[in-house]
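Before any comments, here is the structure.
Source: prediction; values computed, not measured.
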Amino acid sequence: MVEAQAEGEAAVIEDILQHAPSSFLKFLSENDINKDVYKVVDLPRFVRVNTALNEAEWPTELDLQEQLETDVWPIPDFFGFYAFKPHGRRLMDCEAYKTNKIFGMDISSALAVAALDIQPDDHILDLCCAPGAKLCMMSNLLGREGAGTITGVDVSAHRIATCRKLLKRYQVGDRCRLFHGDGTKFHVHAPIQSARHIKAIGARTNGQAEPNDATFPQSTAGSVKPYWAPRLLRFDPQVSGSEALYDKVVVDAECTHDGSIQHIIKYSKNGWKDFENNFMDANRLDNLTSLQRNLMANGWKMLKRGAIMVYSTCSLSIAQNEENVYWFLQHHPDASLHVVPTLAGFTSGHIKTVPNMMEDDQVMNEIKSKCVRFDPIASRTSGLFIARFLKA
Ligand SMILES: C[S@@+](CC[C@H](N)C(=O)[O-])C[C@H]1O[C@@H](n2cnc3c(N)ncnc32)[C@H](O)[C@@H]1O
C-alpha cells in the first residue's frame, strides 16, 4: 500500500518533469540544479513537540508511531524533533496534531532557527514571519525563563492572520508581537522596556512571568500599533537607541519556492503559467532579489553589534542565495559569515559559484565554507539555503 503510494507519486512527478516547459529546464541548467531533486518521493517527514506544554503532556515516540501508523524515530538532542516515514496516516488526522501537541516542520527550517542560537533574554526580529512555523519554534526555544521577546513582521494580511491563529492555537504567543507591514522599512525597536517589566514580574513570581499583568502602564504605547500582541508588549513605548536593537534577526525571505516539490506540482497543475511568470520574467526576478536584499539590509540596521542574522530561502537558484550573500558582504563591511551548524546525517549540497566569479575568489570561498544548501538528494530534506552573518 505504502509502496504503491510512493510509486504513484514518482510517476506523477516523472510525468511533470517530462512535460515541463523548456523555460523550467533552462532554469535548472542555469542554476546547475539536478532535476532528480524533484524525483525523491520517500523523504522522511518531521514533527516537533510543542515544548510550551508540560512535559507530562508531550507525546512519546510510541504515541506518535501509533497515531501516524508508520515508523517514527527521534532526532537526538534536537528540540523535540521526530522523523517519520511518509505515506502513513495524514499528520492532520493524528491526535497529537489535533490537540496542538506537535507541529509539522521540515528539519531544514529548524536548522535555520537553530543557527540563531537563541538565549532566554534575546529580542528576536523575524522580518518575514508568516505563516509562523519558525516563529513558533523560536517561541518554544525562548521559553519563559528570561525576558526575551519575538517581533514578527509580514506584509501579507491573510498570512499574518494565519500566524496569529497559530500562536494562539499552540499558546506560544505570550512573548510575541506581530506587525502587519513591510519588512524592508520596519523600524520598531526591540521592546526592552516591556522586557524589563517581564523580568520584574518574573522575579516576583519566581520565574513565572505573567504576560497579562495589569500593572503595565498602558499610556506608554508606541507610535506603531502591533497587529497583535499580548497586553505587555502591546503598549511598549518603542524607545530607540542601540540598546533597543535586536539580539537576533531572521530573514526567511519571500522567494520562488522552487526548492519545494509541492510547489513544482502546484505549478504543473496550474499549467506552468505561474511558474513562467514567477521565474522566467527577468523583471520579476530582479524585483524579488532586490526585495530580498532590502530585507537583509533593513534587518542588519535593526541588529545589535556582535549579534547574529540568519538569511534563508527555499529556492535553489543562485541569484536568490549565493549571489545575494555575495552582494550583502560587499555592501556591509561589518558583516562576516559564520558557519551554519548542521546535524549529523543532514549534509549540505554544494554551494554554487556566483556567475563570473573566479573559483578561488576569497568571498566566494567564505560562502562555500560557511553557508549550507539543503536539498532532497544531499540532505534528504526540503530545499533550503541558509547563511549566518555576524555583525562586527
Ligand atoms: C518564506 S515565507 C516565510 C515563512 C515563515 N518564516 C515561516 O517559517 O512560516 C515568506 C514571507 O515573506 C512575506 N513577505 C513578502 N514580502 C515582504 C515584505 N516586504 N515584508 C515583510 N514580509 C514580506 C510573505 O508574505 C511570506 O509570508
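Listed for the Glu14 side chain is no donor-acceptor partner under 3.5 Å among the backbone atoms of Lys39. Listed for the Arg305 side chain is a donor-acceptor partner under 3.5 Å among the backbone atoms of Ala392. Glu69 places no side-chain N or O within donor-acceptor distance of the main-chain N or O of Arg89, the cut-off being under 3.5 Å. Between the side chain of Asn31 and the main chain of Ile318, a donor-acceptor pair closer than 3.5 Å is present. Not one N or O on the side chain of Asn54 forms a donor-acceptor pair closer than 3.5 Å with the backbone of Glu57. Side chain of Gln193 to main chain of Val239: no donor-acceptor pair is present (N/O by atom type, distance under 3.5 Å, no hydrogens or angles). Within the 3.5 Å criterion, the main-chain N or O of Arg293 finds no donor-acceptor partner in the side chain of Asn324. Not one N or O on the side chain of Asp122 forms a donor-acceptor pair closer than 3.5 Å with the backbone of Asp247. Under a 3.5 Å cut-off, the side chain of Arg373 and the backbone N or O of Gly349 do not form any donor-acceptor pair. Distance alone, capped at 3.5 Å, places no donor-acceptor pair between the Lys98 side chain and the Met92 backbone.
Here the shortest heavy-atom pairing between Leu64 and Ala96 reads CD2-CB, 4.2 Å. Of all non-hydrogen atoms in Leu127 and Asn298, the two that sit nearest each other are CD1-C, 4.4 Å. Here the closest heavy-atom approach between residue Pro86 and residue Thr70 is recorded as O-OG1, 4.3 Å. Of all heavy-atom pairs between Tyr82 and Pro74, the closest is CD2-CA, 3.6 Å. Minimum heavy-atom separation, Val172 to Cys176: O-SG, 3.6 Å. Taking all atoms of both residues into account, the shortest heavy-atom contact from Asp182 to Val153 is C-CG1, 4.5 Å.
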request  = Give the C-alpha distance, both sets of side-chain angles, the deciding distance and a yes or no for side-chain hydrogen bond (donor to acceptor under 3.5 Å, both in side chains) between Gln292 and Thr289.
outcome  = CA-CA 5 Å; Gln292 292 161 340; Thr289 49; 5.4 Å; no

ask   = Run the side chain to side chain contact (heavy atoms under 4.5 Å, CB included) check on Leu288 and Arg284 step by step: do they pass?
value = CA-CA 6 Å; Leu288 189 59; Arg284 283 194 66 157; over 6 Å; no

Worked verdict on Ser290 versus Asn287 for side-chain hydrogen bond (donor to acceptor under 3.5 Å, both in side chains) = CA-CA 5 Å; Ser290 301; Asn287 288 343; 5.3 Å; no

inquiry  = Evaluate Arg48 against Ile102 for side chain to side chain contact (heavy atoms under 4.5 Å, CB included), listing each step before the verdict.
reply    = CA-CA 5 Å; Arg48 186 175 72 70; Ile102 51 170; over 6 Å; no

request  = Show the numbers, then the answer: is there a side-chain hydrogen bond (donor to acceptor under 3.5 Å, both in side chains) between Asp361 and Tyr326?
outcome  = CA-CA 11 Å; Asp361 181 282; Tyr326 200 105; 2.9 Å; yes

request  = Carefully, step by step, assess Leu337 and Cys371 under the rule side chain to side chain contact (heavy atoms under 4.5 Å, CB included).
outcome  = CA-CA 8 Å; Leu337 277 179; Cys371 299; 4.0 Å; yes

Intermediate values then yes/no, side chain to side chain contact (heavy atoms under 4.5 Å, CB included), Trp300 and Met296 = CA-CA 6 Å; Trp300 199 246; Met296 280 200 267; over 6 Å; no

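Cluster membership for Leu329 and Val249, using ILVMFWY side-chain heavy atoms within less than 4.5 angstrom, is shared. A continuous path of Ile, Leu, Val, Met, Phe, Trp and Tyr side chains, each step under 4.5 Å between heavy atoms, connects Phe374 with Val47, placing both in one hydrophobic cluster. Under a hydrophobic clustering in which Ile, Leu, Val, Met, Phe, Trp and Tyr are joined whenever their side-chain heavy atoms come within less than 4.5 Å, directly or via other members, Val250 and Val372 fall into the same cluster. Val251 and Leu178 are assigned to two separate hydrophobic clusters, defined by single-linkage of ILVMFWY side chains at heavy-atom distances under 4.5 Å. Under the 4.5 Å side-chain heavy-atom criterion for ILVMFWY residues, no single connected hydrophobic cluster contains both Leu245 and Leu233.
The side-chain heavy atoms of Trp73 and Lys85, taken from C-beta on, include a pair separated by under 4.5 Å. The shortest side-chain heavy-atom distance between Ser379 and Leu384 does not fall under the 4.5 Å cut-off.
Atom CD of Glu366 and atom NE2 of His338 lie 8.5 Å apart (nearest 0.5 Å). Distance check, rounded to the nearest 0.5 Å: OG of Ser22 to CZ of Phe27 gives 14.0 Å. In this structure, CZ in Arg175 is found 11.0 Å from CD1 in Ile124, a value given to the nearest 0.5 Å. Annotation: the span from Lys391 atom NZ to Lys301 atom NZ amounts to 10.0 Å, rounded to 0.5 Å. Interatomic distance, Ile386 CD1 to Cys314 SG, rounded to the nearest 0.5 Å: 11.5 Å. Atom-to-atom distance recorded for Ile118:CD1 and Ser139:OG is 9.0 Å, nearest 0.5 angstrom.
Side chains of Asp236 and Ser194: a donor on one and an acceptor on the other come within 3.5 Å. Between the side chains of Tyr170 and Asn140, no donor-acceptor pair of N or O atoms lies under 3.5 Å. Judged purely by distance below 3.5 Å, without hydrogens or angles, the side chains of Thr313 and Ser315 never pair a donor atom with an acceptor atom. Between Glu323 and Asn321, the side chains place no donor N or O within less than 3.5 Å of an acceptor N or O (distance only, hydrogens not considered). For the residue pair Lys368 / Thr353, a side-chain donor-acceptor distance below 3.5 Å is found, with atom types taken as modelled. For the residue pair Ser312/Asp252, the side-chain donor-acceptor check at 3.5 Å is satisfied.
A salt bridge is absent between Lys304 and Glu243: the closest approach of a Lys/Arg side-chain nitrogen to an acidic carboxylate oxygen does not fall below 4.0 angstrom. Using a 4.0 Å cut-off between a side-chain N of Lys or Arg and a carboxylate O of Asp or Glu, Arg380 and Asp42 qualify as a salt bridge. Comment: Asp174 engages Arg144 in a salt bridge, judged by a side-chain N to carboxylate O separation of less than 4.0 angstrom. Using a 4.0 Å cut-off between a side-chain N of Lys or Arg and a carboxylate O of Asp or Glu, Arg45 and Asp106 do not qualify as a salt bridge.
Residue Val49 is tested with Phe79, Trp58, Phe81, Phe103 for a side-chain contact (heavy atoms from CB on, under 4.5 Å); the sole match is Trp58. Between Val37 and the choices Leu28, Leu316, Asp258, the side-chain contact (heavy atoms from CB on, under 4.5 Å) rule is met once, by Leu316. Only one option out of Arg177, His123, His189 pairs with Thr151 in a side chain to side chain donor-acceptor pair (under 3.5 Å); it is Arg177.
Checked against a 6.0 Å centroid threshold, the rings of Phe186 and Phe179 count as neighbours.
Shown here is Asp77, whose CG atom has no more than 12 heavy atoms of other residues, nucleotides or ligands within 6.0 Å. Open room surrounds CD on Gln362; 12 or fewer heavy atoms of other groups in view lie less than 6.0 Å from it.
Classified by interplanar angle (parallel below 30°, tilted 30° to 60°, perpendicular above 60°), the ring pair Tyr38/Phe24 is tilted. By the 30° and 60° cut-offs, the orientation of the rings of Phe328 relative to His332 is parallel.
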